[in-house]
Undergrad: 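Quick one: the structure is below, questions incoming.
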There are 2 protein chains.
Amino acid sequence: MFNPEFDDIKTLRTAADRVFESLQDAIVRGEIPPGSRVGETELAVRFGTSRGPLREALRRLESRHLVERTPHVGIRIASLGYAALIEIYYVREALEGMAARLAALHMTDTEVAGLKALLAAHEQDEALKADTAYFQQEGDLDFHYRIIQGSHNAALAEMLIGELYHRIRMYRYQVSAYANRPQKAFAEHQRIVEAIEARDGDLAEMLMRRHLSSARQNIEKHQKEHA
Amino acid sequence: MFNPEFDDIKTLRTAADRVFESLQDAIVRGEIPPGSRVGETELAVRFGTSRGPLREALRRLESRHLVERTPHVGIRIASLGYAALIEIYYVREALEGMAARLAALHMTDTEVAGLKALLAAHEQDEALKADTAYFQQEGDLDFHYRIIQGSHNAALAEMLIGELYHRIRMYRYQVSAYANRPQKAFAEHQRIVEAIEARDGDLAEMLMRRHLSSARQNIEKHQKEHA
DNA sequence: TTTGACCGAGTTGTCGACAATCTTTGCGCT
DNA sequence: AGCGCAAAGATTGTCGACAACTCGGTCAAA
């Protein structure tokens with residue numbers, strides 16, 4: 001982030017950590033085809049290290065469900081199917097609903113102000129970009145990130161950001177971005193922020209759960225039409 | 001293929017997997033003091049393997065927050081503090097609430113029957129054992145396990161059983177079992193099962209959330225009294 | 001006395017080589 | 001021709017050794 005050149009050498013201390021981040025990024029972005037088999041030696045030379053650190057990185061990626069490993073056979077890049085994505089959305093609904101509730105209770109005033117500013121910026125950009133799906137996805141991510149952080153619950157944040165979001169993003173790269181609904185989502189975001197600003201935990205949780213439930217149903221609808 | 005003795009070679013395929021399970025068990029049970037520093041060589045000889053597989057196991061335990069690692073310094077056994085436990089209970093409330101909802105919708109009739117049978121067995125044992133806390137803990141665990149499995153949501157189950165429960169159990173071994181409330185908890189269990197049997201997802205989720213919220217408040221109360 | 005650097009012991013990080021296992025290929029048999 | 005088995009090849013699992021780093025102690029200088 002801060003060292004434009006040669007940052008990969010110093011930013012991450014050990015080779016295992018470096019490989020972990022690089023490989024995770026490559027998987028999430030779809031640079032390595034999901035479901036494909038990859039050899040350890042192949043990956044080791046690709047990331048310029050030995051098999052030892054690589055295997056440590058693989059064990060961590062296995063914990064995050066980004067690679068699947070069968071002993072003595074090898075590893076394959078995880079492929080998030082439709083059914084698994086729907087499962088994750090139910091988990092997301094539960095966790096982010098709780099996050100919104102806790103955010104309403106625990107967010108500082110400055111955090112709330114920042115959230116409102118973010119929303120205002122989205123309104124500007126959306127007015128410009130109309131229905132550009134991809135941008136809204138990124139903005140959507142920022143919005144949810146802030147609320148999760150605003151819950152001030154590290155365990156909750158770690159589960160959502162550290163585990164689920166990578167898998168969801170992988171799916172988005174995998175299938176070419178299902179139809180989303182920027183303008184409708186934006187309105188829902190606005191009401192969620194209003195509830196947080198009013199410190200109404202019950203309402204914030206309910207609105208967030210509806211928001212994510214709608215997103216899930218939208219995916220389900222999209223799947224039915226294209227199947 | 002047939003070696004009756006030395007079966008520990010067969011039970012878990014690789015040494016890394018064996019160490020992972022053994023070490024996780026040792027940590028959760030408190031055999032290794034929480035917060036203590038342990039050397040890699042020391043652990044390697046303890047589990048009869050080399051440092052390679054051990055380090056792979058450590059990386060997985062790190063993902064599960066059972067050990068903390070700082071590069072070039074070493075690893076220390078995780079110690080779940082009071083604040084972290086409360087955080088986890090909020091996550092649990094969200095996830096198991098959703099699990100109860102999904103269980104009400106997706107559990108098969110035989111699964112529901114099994115759940116009712118389990119509850120009946122608890123009633124018998126509880127009548128005998130009165131207020132024995134530890135037993136209720138185990139029975140409590142079984143009860144929650146079944147509902148989580150009954151949700152038929154693998155992602156949800158993995159998060160709860162694969163991650164959170166280990167940490168909670170570690171806390172139970174750490175502080176000598178906070179006061180629980182077997183008879184009250186049992187009544188709450190019963191009502192949850194009734195809601196599931198009636199296929200009332202809304203009610204099941206609400207009751208489960210109240211159940212876990214009460215448990216959390218009980219811990220908080222216990223903490224205030226003993227601090 | 002205190003501060004600072006230096007040095008050595010011990011631990012972690014990394015690597016290459018060897019052993020164990022799976023997969024594939026090719027041969028022989030029915 | 002098809003099937004089964006066996007050997008070869010390739011890949012993963014494991015180990016021991018060396019390099020890099022951290023931490024504690026020691027000594028010298030202000």
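Every chain is numbered from 1, with letters handed out A, B, ... down the list of sequences.
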Undergrad: Grab the CG-C1' distance between L54(A) and dG13(D) for me, whole Å please.
TA: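 After rounding, the reported distance stands at 14 Å.
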
Undergrad: Kindly point out which of dG16(D), dT14(C), dC15(C) is positioned nearest to the side chain of S50(A)?
TA: dC15(C)

Undergrad: Using a strict cut-off of less than 4.0 Å between a Lys/Arg side-chain nitrogen and an Asp/Glu carboxylate oxygen, indicate whether R92(A) and E163(A) qualify as a salt bridge.
TA: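 No.
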
Undergrad: I'd like to know if E93(A) pairs up with R216(A) as an ion pair, taking the criterion as any Lys NZ or Arg NE/NH1/NH2 lying under 4.0 Å from an Asp or Glu carboxylate oxygen.
TA: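 So E93(A) pairs with R216(A) through a salt bridge.
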
Undergrad: Are the aromatic ring centres of Y145(B) and Y165(B) under 6.0 angstrom apart?
TA: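 Yes, the ring centres sit under 6.0 Å apart.
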
Undergrad: Which part of the nucleic acid does R37(B) contact within heavy-atom distance under 4.0 Å: base, sugar-phosphate only, or nothing?
TA: nothing

Undergrad: Output the rounded distance in Å from CZ (R51(A)) to P (dC15(D)).
TA: 14 Å

Undergrad: Rounded to whole Å, please give me the gap between CZ in R13(B) and C1' in dC22(C).
TA: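 Distance check: R13(B) CZ to dC22(C) C1' gives 11 Å.
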
Undergrad: Whole-Å distance between dA10(D) P and I75(A) CD1?
TA: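 Those two atoms, CD1 and P, are 19 Å apart.
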
Undergrad: Taking atom P of dG13(C) as reference, at what distance in whole Å does atom CG of D17(A) sit?
TA: 9 Å

Undergrad: Measure from the side chain of P71(A), starting at C-beta and using heavy atoms only, and say which of dT12(C), dG13(D), dT14(C) lies closest.
TA: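 Nearest nucleotide to the side chain: dG13(D).
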
Undergrad: If the cut-off is 4.0 Å, is T49(A) near the phosphate of dC15(C), judged by side-chain N/O to OP1 or OP2?
TA: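 T49(A) to dC15(C) OP1/OP2: side-chain N or O found under 4.0 Å.
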
Undergrad: Can you tell me how far P of dT14(C) sits from CZ of F20(A), to the nearest Å?
TA: 15 Å

Undergrad: Of the nucleotides dG13(C), dT12(D), dT14(C), which has the atom closest to the R69(B) side chain?
TA: dG13(C)

Undergrad: Counting heavy atoms from C-beta on, name the nucleotide in dC23(D), dC15(D), dT14(C) closest to the side chain of V73(B).
TA: dC23(D)

Undergrad: If you round to the nearest 0.5 Å, how far is CG of L160(A) from CD1 of I147(A)?
TA: 11.5 Å

Undergrad: By the 4.0 Å heavy-atom rule, please label G52(B) as base, sugar-phosphate, or nothing.
TA: nothing

Undergrad: Between R55(A) and dG13(D), is there a contact of a side-chain N or O with OP1 or OP2 at under 4.0 Å?
TA: yes

Undergrad: One thing to verify: whether E56(B) and R59(B) come together as a salt bridge, which I'm taking to mean a side-chain N less than 4.0 angstrom from a carboxylate O.
TA: no

Undergrad: By nearest atom, which of the nucleotides dG13(D), dT14(C), dG13(C) is closest to the E40(B) side chain?
TA: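 My answer, after comparing the listed nucleotides, is dG13(C).
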
Undergrad: In terms of side-chain heavy atoms of H72(A), which of dT14(D), dT21(C), dC21(D) is nearest?
TA: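 So the nucleotide nearest the side chain must be dT21(C).
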
Undergrad: CD of E56(A) versus C1' of dT14(D): gap in Å, rounded?
TA: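 After rounding, the reported distance stands at 14 Å.
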
Undergrad: Whole angstrom is fine here: how far is it from CZ in F47(B) over to C1' in dT14(D)?
TA: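 So the CZ-C1' distance, F47(B) to dT14(D), works out to 18 Å.
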
